[in-house]
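Working notes for the structure below.
One-based numbering, in listed order, for ligands and for the atoms of each.
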Amino acid sequence: MANGRRKDEWEEPPTGFVAEANITERDADAFPEAGWPACWEAAADLLEWDRPYDDVLDDDGTTCWFPGGRLNAASNCVDRHVAADRGDETAIIWEGKLEETRTYTYRELYAEVNAFAAALRDLGVGEDDVVTIYLPMVPELPIAMLACARIGAPHSVVFAGFSADALATRMSGADSEYLVTCDGYYRRGTALDLKHMADNACLSVEQSIERVIVNRLHDDIPAGDHHAFDDLVADHAGTEIAPVERDVDDLLFLIYTSGTTGEPTLVRHTTGGYLAHVAWTSHAVFDLMPDDVLWCSADVGWITGHSYTVYGPLSIGATTVLYEGTPDHPEKDRLWEVIDRNDVNVFYTAPTSIRAFMKWGSEYPDRHDLSSLRLLGSVGEPIDETTWQWYREHVGGGECPVVDTWWQTETGGVVLSTLPGVDSMQPGAVGRSLPGVEAAVVDGLGKPVDSGLPGELVLTRPWPGMAKSLCEQTDWGGRRTRTADGDWQYETGDKAVRDGDGYLHLRGRADDVFNVSGHRLSSTEIESAIVGVEGVAEAAVVGRSDTVKGMAVHAFVSPESNVAGDDALRDQIERAVESAIGAIAVPHTVTFAPSLPKTRSGKVVRRYLEAIANGEDLGDTSALRNPEIVGELESLLEQ
Ligand code: PRX
């Protein structure tokens, strides 16, 4: 709804919650008085600095947060909690597939991280060497990340669902000579051979790769050109490695994401700004307290897991849940059972999952005592009002605030959300920007549009969690950070409307990027894989609305004139996408077409294909070189 819901239909935060919240109305009132960027000091104050920072932001005002500061992210996430006598508190609860569980106290985590850090050093990893981590949701994943952070080696985690080719591209791009992976993992009860994928990736990169293998399947791993994770940790047990003091602006990690080009975009995050941002938003948005148990259901291979499974909750000293399985295995009440058994207080998931839970029915959450929950979060795509209400009612028992959090890989942490102890919640809207963040909705020239009108969402001031590339470059990954008149403005690529109350309503992407079941994909990347198939002349990929996934991938493919668009070709296309990117990117629908709608200059008009895939009205198509194709495609889809 463009102008938002009437205020009497908004939901107020529960009074009990407000009374105990980390951020109250009084704090929120004080932020504007502190001025920008001074209000970000509260974020930096949540961390322990080896050398205090000289200023909140450098003189240039855009390039470096907390200049002069030095710190170590792993010591902030582990050591200081042990030093504060919280070593016996639980840091990680791992819920494995096959009903295994494992917990690590902060003291145990400290021991594991130190031992693996020592092992990495022995393997030759030095400060600033990039270590690639290609692991499913096992405890060795956060342990390896923290071990890297401890010795100042940026990690580059590659989602385990990506293919060997995708892994190879990311290892080459990051010039990484170290890989931590595993033999395999279980997905829906079947063991997948990850080592084989990793071996293939290592064969296709130029550099030689030192490999560490986690034994996840508990089978013997044939001896080979690798080191066993468990042996390394056992050999270095008890070794302590002094955390390397990092400059605030030194890299903590690299992460690849889908951009608007055919190649994945490399995003680099810094140690100080990023960590301050995720610690602060865990505290302010998720209201996380050290005694809380937080479960962020995203895979750690994505930014959401980096920020709110690993660095955010551990920097606060809370307990984080790492879940390996799927939500419906062995039964559709699995998540609720995990929440019940572990007394989870904060649960963070994506609307695509909530819509699946809704479809399965409320009897599954109803089977469990979910009263430990005190806050719910949503991320990844717009959450419609019905889904929001269901989540609040059936998961939150009507008692928990629901925060709809908007952010991106590039922003590092949440930038738009309500503050749960302060702001009213408007189901279907993300709320305003957080204190210290400034957002605007602009037209094609970068000028603000009136409330109620659609435009592109831009952030008009820097924030600590922003990617380093964003500070350094004015034009990066298809995103600009300068307007024509020189003002700083980050183009997010998202469409939005601001309502009369200042709340933002997100409307999906304005570019060629889309989110399918929480995975960020680029149509250009998928198209490059499809046109690589012999017999394919052209391809265009668009997102189609899907009631559960949010978006489904729809490919329009035009075969060469003597080639049939048949099941065999479809099969080859699917295999090509799976091998270039991974199963997550395989089109849900492939429509073979004699040609694609084009402008007179020969550019494929995706906008029309998107409308056709979504069964929408196309409006005037007379500017096309081949308007007749539109009707042909529509009738092809009707068949
Ligand atoms: O389109 C927006 C959508 O997810 C994109 C960012 O994807 P990624 O970098 O993979 O990060 C995912 C999680 C942080 C955004 O450009 N998005 C994320 N959160 C929301 C959202 N769309 C609407 N509402 C949200 N709360």
Any Gly380 heavy atom less than 4.0 Å from ligand 1:
yes
Hey, is CD on Glu399 packed in by over 12 heavy atoms from elsewhere, all under 6.0 Å?
no
Around atom 1 (O) of ligand 1, find the nearest protein heavy atom and jot down its residue, atom name and distance.
Asp494 OD2, 2.9 Å
State which residue, out of Tyr134, Trp302, Tyr256, fulfils the ring-ring contact (aromatic ring centres under 6.0 Å, His included) condition with Phe162.
Trp302
Distance from Thr181 atom OG1 to Leu141 atom CG, nearest 0.5 Å?
10.5 Å
Tell me whether Arg509 has any N or O atom under 3.5 angstrom from an N or O of ligand 1.
yes
Going by distance only, is there an N or O of Ser378 that falls short of 3.5 Å from an N or O of ligand 1?
no
For the pair Tyr348 and Trp407, evaluate ring-ring contact (aromatic ring centres under 6.0 Å, His included) and give the outcome as yes or no after the intermediate values.
CA-CA 14 Å; Tyr348 189 35; Trp407 58 293; 7.3 Å; no
Per-atom contacts of ligand 1 with Val379, taking only distances under 4.0 Å to non-hydrogen atoms:
13 (C), 14 (C), 19 (N)
Interatomic distance, CG@Leu288 vs CG@Leu294, rounded to 0.5 Å, equals 5.5 Å
Mind checking whether Gln408 has an N or O less than 3.5 Å away from an N or O of ligand 1?
yes
Test side chain to side chain contact (heavy atoms under 4.5 Å, CB included), reference Val441, set His505, Arg507, Arg498, Glu456, output is Arg498
Using heavy atoms and a 4.0 Å limit, tell me yes or no: is Trp407 in contact with ligand 1?
yes
Of all the atoms in ligand 1, which lie at a distance below 4.0 Å from a heavy atom belonging to Pro382?
22 (N), 23 (C), 24 (N)
Residue, atom name and distance, where the atom is the protein heavy atom closest to atom 13 (C) of ligand 1:
Thr304 OG1, 3.4 Å
shortest atom 7 (O) of ligand 1-to-protein heavy-atom contact is with Arg520 CD, 3.4 Å
More than 12 heavy atoms of other residues, nucleotides or ligands under 6.0 Å from CD of Glu263: yes or no?
no
Check the angle between the aromatic planes of His306 and His155 and answer parallel, tilted or perpendicular using the 30° and 60° thresholds.
tilted
Side chain, backbone, both or neither: which applies to Glu381 and ligand 1 if a contact is any heavy-atom pair less than 4.0 Å apart?
backbone
Residue portion contacting ligand 1 (non-hydrogen atoms closer than 4.0 Å) for Val513
neither
Counting from 1, what ligand 1 atoms have a heavy atom of Asp404 closer than 4.0 Å?
25 (C), 26 (N)
Contact atoms of ligand 1, heavy-atom distance to Leu506 under 4.0 Å
23 (C)
Within the structure provided, determine whether His277 and Trp65 are in side-chain contact (heavy-atom separation under 4.5 Å).
no
